[in-house]
2 protein chains.
Amino acid sequence: MSRESDHRTLHNRVLAELGPAIAAGRYGPDHVFTLDGLVREFGVSRTVAREAVRVLESMRLVVSRPRTGVRVRPRSEWSVFDPQLIRWRLAGPGRLEQLRSLNGLRAAVEPPAAAAAARLASAEERAALVDLERRMAATGRRGDLEGFLELDIAFHRRILELSGNDMFAGLSGVVAEVLAGRTEHSLMPPTPRPEALCLHRHVASAIDGGLPQVAEAAMRAIVDEVVEALEGGGGADGGRDLGPGGTDPGAQGPGGPTAAG
Amino acid sequence: MSRESDHRTLHNRVLAELGPAIAAGRYGPDHVFTLDGLVREFGVSRTVAREAVRVLESMRLVVSRPRTGVRVRPRSEWSVFDPQLIRWRLAGPGRLEQLRSLNGLRAAVEPPAAAAAARLASAEERAALVDLERRMAATGRRGDLEGFLELDIAFHRRILELSGNDMFAGLSGVVAEVLAGRTEHSLMPPTPRPEALCLHRHVASAIDGGLPQVAEAAMRAIVDEVVEALEGGGGADGGRDLGPGGTDPGAQGPGGPTAAG
DNA sequence: CCGCTTCAATAGTGTTATCAATAGGGCGGT
DNA sequence: ACCGCCCTATTGATAACACTATTGAAGCGG
């Protein structure tokens with residue numbers, strides 16, 4: 001599912017090892033690499049190593065200075081919105097923490113985005129959104145989780161795009177990553193909850209009807225549900241999937257896999 | 001004030017020309033550069049040109065492929081959260097549009113961040129925040145705009161940091177950019193409005209008192225005021241392009257420079 | 001004994017030359 | 001008209017070298 005960054009070029013392959021390692025905190029902060037060390041470790045030319053460092057530098061993961069070498073910066077200075085860095089963190093031990101942060105961001109942004117969409121979307125766009133929601137609900141009820149995920153992502157992305165705010169739209173990739181990550185790690189019930197589907201329909205029809213406040217409230221309900229599932233359900237983490245007492249999908253107590261993003 | 005990105009290295013100097021040009025839409029989308037073209041145009045070696053391209057590629061401004069060259073991607077695919085790209089856009093003709101987007105983002109994020117800070121901050125952190133606010137207000141009343149700006153930035157940054165959310169904290173640089181950009185372009189009144197100062201005090205004391213909802217509401221009042229000033233007052237823009245029907249900066253109707261975000 | 005200056009070792013920075021690999025477009029065949 | 005092959009433009013990668021900034025320590029003087 002999650003397409004890893006082009007392993008076609010060599011410097012990207014170096015990045016694919018170095019980036020996650022740094023993002024996971026295996027080196028840091030103030031750990032120092034030397035270019036020659038990277039050259040030897042990865043068996044690549046100096047040029048390639050330098051290109052990789054340039055990219056890491058542009059994400060503010062490292063600084064490169066003469067005589068000093070390539071120094072890892074403290075986490076607080078990283079460009080945490082860089083999609084690549086987000087993916088690296090989602091792939092590593094910081095996954096749960098990263099998911100929490102991202103959901104907090106979603107909770108903040110998506111409701112206002114839905115409100116803005118309700119104000120700005122054109123007639124065709126509203127119709128298309130409603131149609132999208134319908135297909136999503138149908139797919140969900142059919143139990144086609146993969147298809148549902150795809151449409152769910154499309155739904156949220158479309159709303160962010162319709163908000164008319166570049167920055168909101170720029171988060172659509174992040175949202176996709178979160179949603180995909182959730183199903184990928186079995187945090188989803190086998191079939192989306194009817195309540196969640198219902199809320200999505202409310203969002204769609206509120207935007208269709210030009211009701212910003214309703215759209216905002218409905219979207220807030222959706223994202224808050226997810227946040228609660230993640231915060232309350234507790235860090236069922238450790239490794240990759242549900243932790244101690246991984247609840248049987250059938251018996252969903254309070255905090256079981258519940259949301260449908 | 002706005003520290004330009006290290007012009008120490010050569011590839012950064014290339015970036016400093018190429019990046020803003022692309023961000024401004026001077027080449028766009030599907031425009032194709034050739035590496036040799038860049039080498040000739042900037043008088044640098046192939047290595048340096050490639051490093052610059054690598055960075056642009058990591059921001060998703062371009063894709064580089066054999067035989068094809070370096071192709072500019074459509075704006076919708078850019079990493080709009082990249083701090084460097086934000087600065088480039090703020091420096092160019094898209095400045096007003098960019099400011100609007102960023103303010104929308106602030107309006108979405110800062111209130112929840114304030115709420116979270118009210119829940120999570122430690123006793124010392126609360127005290128420090130209150131103190132910070134006091135100094136800010138004093139500086140503002142004294143009419144020291146530059147000092148006020150600095151403390152205002154520090155105030156908002158601190159709250160984002162105290163939210164306990166990496167992503168929120170990651171926006172502090174962006175917020176700083178917006179606030180700095182505002183005074184830099186004379187969108188600020190000569191002395192901060194008392195109402196704005198009062199709201200800041202409310203935020204600080206609500207966080208200090210552990211009242212998330214109050215903190216959220218007060219912060220919302222602050223950012224909404226700014227948003228209204230920007231949307232309503234229209235771009236009293238010192239830059240190159242006001243939109244069609246750009247209002248005369250002298251005649252500040254409802255929504256002249258008013259806020260103190 | 002402390003502090004300033006000087007110097008040299010040590011990285012990254014930048015250049016050039018050269019070869020390999022890829023992919024787009026044209027050419028020819030069917 | 002369509003398909004597939006080949007040609008070549010352009011990026012990808014390597015190597016070897018000269019340049020430069022930084023820093024830490026030696027040396028000098030107060």
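Below, chain A is the first sequence line, B the second, and so on; all start at residue 1.
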Between [N] ([atom2]) and [X] ([atom1]): distance, integer Å:
| X | N | atom1 | atom2 | answer |
| --- | --- | --- | --- | --- |
| Leu35(B) | dT22(C) | CG | P | 18 Å |
| Glu51(A) | dT11(D) | CD | P | 13 Å |
| Leu38(B) | dG14(C) | CG | P | 16 Å |
| Arg50(B) | dT16(C) | CZ | C1' | 14 Å |
| Phe42(A) | dT14(D) | CZ | C1' | 18 Å |
| Asn12(B) | dA21(D) | CG | P | 15 Å |
| His11(A) | dA13(D) | NE2 | C1' | 12 Å |

Quick one: label [X] by what it contacts on the DNA or RNA (base, sugar-phosphate, nothing), any heavy atom closer than 4.0 Å.
| X | value |
| --- | --- |
| Arg54(B) | sugar-phosphate |
| Arg65(B) | sugar-phosphate |
| Thr47(A) | base |

>> If you only use heavy atoms from C-beta on, which nucleotide in dG24(C), dG12(D), dG12(C) is closest to the side chain of Thr68(B)?
In response: dG24(C)

> Which of these nucleotides, dT11(D), dA13(D), dT15(C), is closest to any side-chain atom of Leu10(B)?
Replying inline: dT15(C)

>> Is the shortest side-chain heavy-atom distance between Arg46(B) and Leu35(B) below 4.5 Å?
In response: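 Counting from C-beta outward, Arg46(B) and Leu35(B) do come under 4.5 Å.
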
> Would you say Met167(B) and Gln98(A) make side-chain contact, with heavy atoms under 4.5 Å?
Replying inline: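 Met167(B) vs Gln98(A): side chains touch.
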
Counting only side-chain nitrogens and oxygens, does [X] get under 4.0 Å of the OP1 or OP2 atom of [N]?
| X | N | answer |
| --- | --- | --- |
| Arg8(B) | dT20(D) | no |
| Arg46(B) | dA13(D) | no |
| Ser64(B) | dG12(D) | yes |
| Ser45(A) | dA13(D) | no |

>> Counting distance alone, no hydrogens or angles: does the base of dA21(C) have a donor or acceptor under 3.5 Å from a partner atom on the side chain of Arg67(B)?
In response: no

>> With nearest nucleotide decided by heavy atoms, which residue, Val44(A) or Asp36(B), maps closer to the 5′ end of DNA chain D?
In response: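 Its nucleotide being nearer the 5' end, the pick is Asp36(B).
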
>> Classify the ring geometry of Phe33(B) against His31(B): parallel below 30°, tilted from 30° to 60°, perpendicular beyond 60°.
In response: perpendicular

> Once the angle between the rings of His156(A) and His200(A) is folded into 0 to 90°, is it parallel (under 30°), tilted (30 to 60°) or perpendicular (over 60°)?
Replying inline: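 Taking His200(A) first and then His156(A), their aromatic rings stand perpendicular (interplane angle over 60°).
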
>> Please determine whether the number of non-hydrogen atoms from other residues, nucleotides or ligands lying under 6.0 Å from atom CD of Glu125(B) exceeds 12.
In response: yes

